[in-house]
Amino acid sequence: MVALAGAGGKTSLMWHLTGRLADRGCRVAATTTTRVRAGEEPAGTPVLSWRGGSDPVPDLEDALARGAPPLVTSGRMDGGKHIGLTPGQVDELAARVDHLIVEADGARGLPLKLPREGEPVLPSSATHLVVVVGLAALGRPAGPDTCLGTDGLVEEGAVLDPDRIRSLLLGPGGYLEAASRVDHAFIAVNGDDEDACTRLADTLWHPSLEGVIASSAIRHRARLVTNGGHRIAALVLAAGRSERLPPQKLALPLRGVPLVRRALEAALGGCDGPVFLVTGHEAESVCGAAGDALDDPRVTVVHNPRAGDGMSSSL
């Protein structure tokens, strides 16, 4: 079950996903836990009204057999919007199909949205969350014509540059809490300019996400940005005075291996970027204890002549 949140292309992405999955022969349906405007579904899409429970979804099997992904709702409002299912109903529906695409919050057609209280409305069986952000928000001033749910988080008129969009989506009040409730979480940057989408997607990458997608739902294009382009460096802080265990505790062995060497080997195994060993007090003793771990080409020894000033000077 893929839940779509955010703004700037959720509905287009929903129908793109359902169409691609149907083309692969999958039993796939779409629904919402909020409201969706009637008429935004592709022409010929079966719109099925279901009250939930043990009763079969009317005409579901017929639509699936024809390879026509249906939109399953609980009815239609007088104002022309389809009424969504409850999270429990969505869980029931998910058991009847291979894939279910769920629009999990509304955005009033704006390119940028943050979750308000109770949003996104995620069913318990949701496996994926895709937070959509429209490229159209980039470079525009924050305000009611651009953003939804950002009150108190950004001043009206502030330019929505990549860093500000990142802080809104992934900072306090953003989507990381919702991302923690699913197995796979993504951000999708939706727009026609592929290079601009990719640059913004690269800025939005976060360790809590499986990836960021630079996409155009209309052009049926998607490119995954992961942490492959984000090298992580490690600092091994070994400049302290060792006042409580002189002369230098980092040179002492733990099960036959000096502590500093253990730290270096853990750093080398835990990141794909450079590893910096910062020395200070008893630097020669520390380097000697590190042994041939210093021969790794990723390791650089940096001496801190102001180690007595404290750890901040090493950082």
Side-chain angles (χ1 to χ4, degrees), residues 2-16 30-41 73 77 79-85 87 101-123 126 128-182 185-192 196-197 200-201 203-204 206 208-209 212-218:
V2 181
L4 304 179
K10 291 194 307 295
T11 304
S12 296
L13 179 58
M14 177 170 71
W15 292 116
H16 172 66
T31 189
T32 179
T33 51
T34 57
R35 306 282 189 271
V36 294
R37 283 194 293 267
E40 291 188 341
E41 62 273 8
T73 74
M77 301 172 61
K81 285 191 174 183
H82 296 299
I83 305 170
L85 304 180
I101 316 301
V102 183
E103 191 164 319
D105 65 12
R108 300 180 189 170
L110 300 178
L112 179 64
K113 179 184 185 295
L114 297 189
R116 294 167 293 184
E117 185 175 358
E119 294 178 334
V121 185
L122 289 180
H128 295 64
L129 173 67
V130 180
V131 178
V132 181
V133 56
L135 184 65
L138 185 63
R140 292 176 61 183
D145 295 331
T146 314
C147 312
L148 188 63
T150 59
D151 294 346
L153 298 174
V154 62
E155 293 183 6
E156 186 169 344
V159 175
L160 295 170
D161 60 21
D163 290 334
R164 182 165 278 121
I165 292 175
R166 186 183 197 277
S167 68
L168 288 170
L169 292 175
L170 301 174
Y175 284 97
L176 287 186
E177 189 279 327
S180 69
R181 290 186 271 150
V182 296
F186 299 84
I187 289 178
V189 181
N190 182 48
D192 289 339
C197 282
L200 182 55
T203 300
L204 294 178
H206 186 279
S208 296
L209 302 173
V212 183
I213 306 160
S215 67
S216 172
I218 294 176

Reported CG-to-CG distance for the pair Asp163 and Leu160, which is rounded to 0.5 angstrom: 12.0 Å

Decide yes or no for Val189 and Leu138: does some side-chain heavy atom of the first lie under 4.5 Å from some side-chain heavy atom of the second? no

In Å, rounded to the nearest 0.5 Å, how long is the span from OG1 of Thr203 to CG of Leu170? 11.0 Å

Ignoring hydrogens and angles, tell me if any N or O in the side chain of Thr73 forms a donor-acceptor pair with the backbone of His82 under 3.5 Å. no

So do Ile83 and Arg35 actually touch side chain to side chain, heavy atoms under 4.5 Å? yes

Would you call Arg140 and Asp145 a salt bridge, using N to O less than 4.0 angstrom? no

Got Glu156 and Cys147 here, is their nearest side-chain heavy-atom distance under 4.5 Å? no

Do the non-hydrogen side-chain atoms of Pro111 and Thr146 ever get within less than 4.5 Å of each other? yes

With heavy-atom distances below 4.5 Å as the criterion, would you say the side chains of Asp105 and Lys10 are in contact? yes

What distance separates Arg164 CZ from Thr150 OG1, expressed to the nearest 0.5 Å? 11.0 Å

Can you name the closest pair of heavy atoms from Ala179 and Ala185 and give their distance? CB-CB, 3.6 Å

Below 4.5 Å, heavy atoms only, C-beta onward: do Arg166 and Leu204 meet side chain to side chain? yes

Once rounded to the nearest 0.5 Å, what's the spacing between atom CG of Leu169 and atom CG of Leu176? 9.0 Å

Least distance between heavy atoms, Gly191 atom then Ser216 atom: O-CB, 3.3 Å

Rounded to the nearest 0.5 Å, what's the gap from CG on Asn190 to CD1 on Ile213? Could you check? 10.5 Å

I'd like to know if the side chain of Thr32 reaches the main chain of Glu103, judged simply by a donor and an acceptor atom lying under 3.5 Å from each other, with no hydrogens or angles considered. yes

Closest non-hydrogen atom pair, Ala188 against Val130: CB-CG1, 3.7 Å

To the nearest 0.5 Å, atom CG of Leu4 lies from atom CD1 of Ile101 at 6.5 Å

Which heavy atom in Leu135 sits nearest to a heavy atom in Cys197, and how many Å separate them? CD2-SG, 3.7 Å

Minimum heavy-atom distance between Ala3 and Leu122, given as atom pair plus value: CB-CD2, 3.4 Å

Sequence neighbours left out, what passes side chain to side chain donor-acceptor pair (under 3.5 Å) with Glu119? Give chain and number order. Lys113, Arg116

At their closest point, which heavy atom of Ala7 faces which heavy atom of Leu110, and how far apart are they? CB-O, 3.0 Å

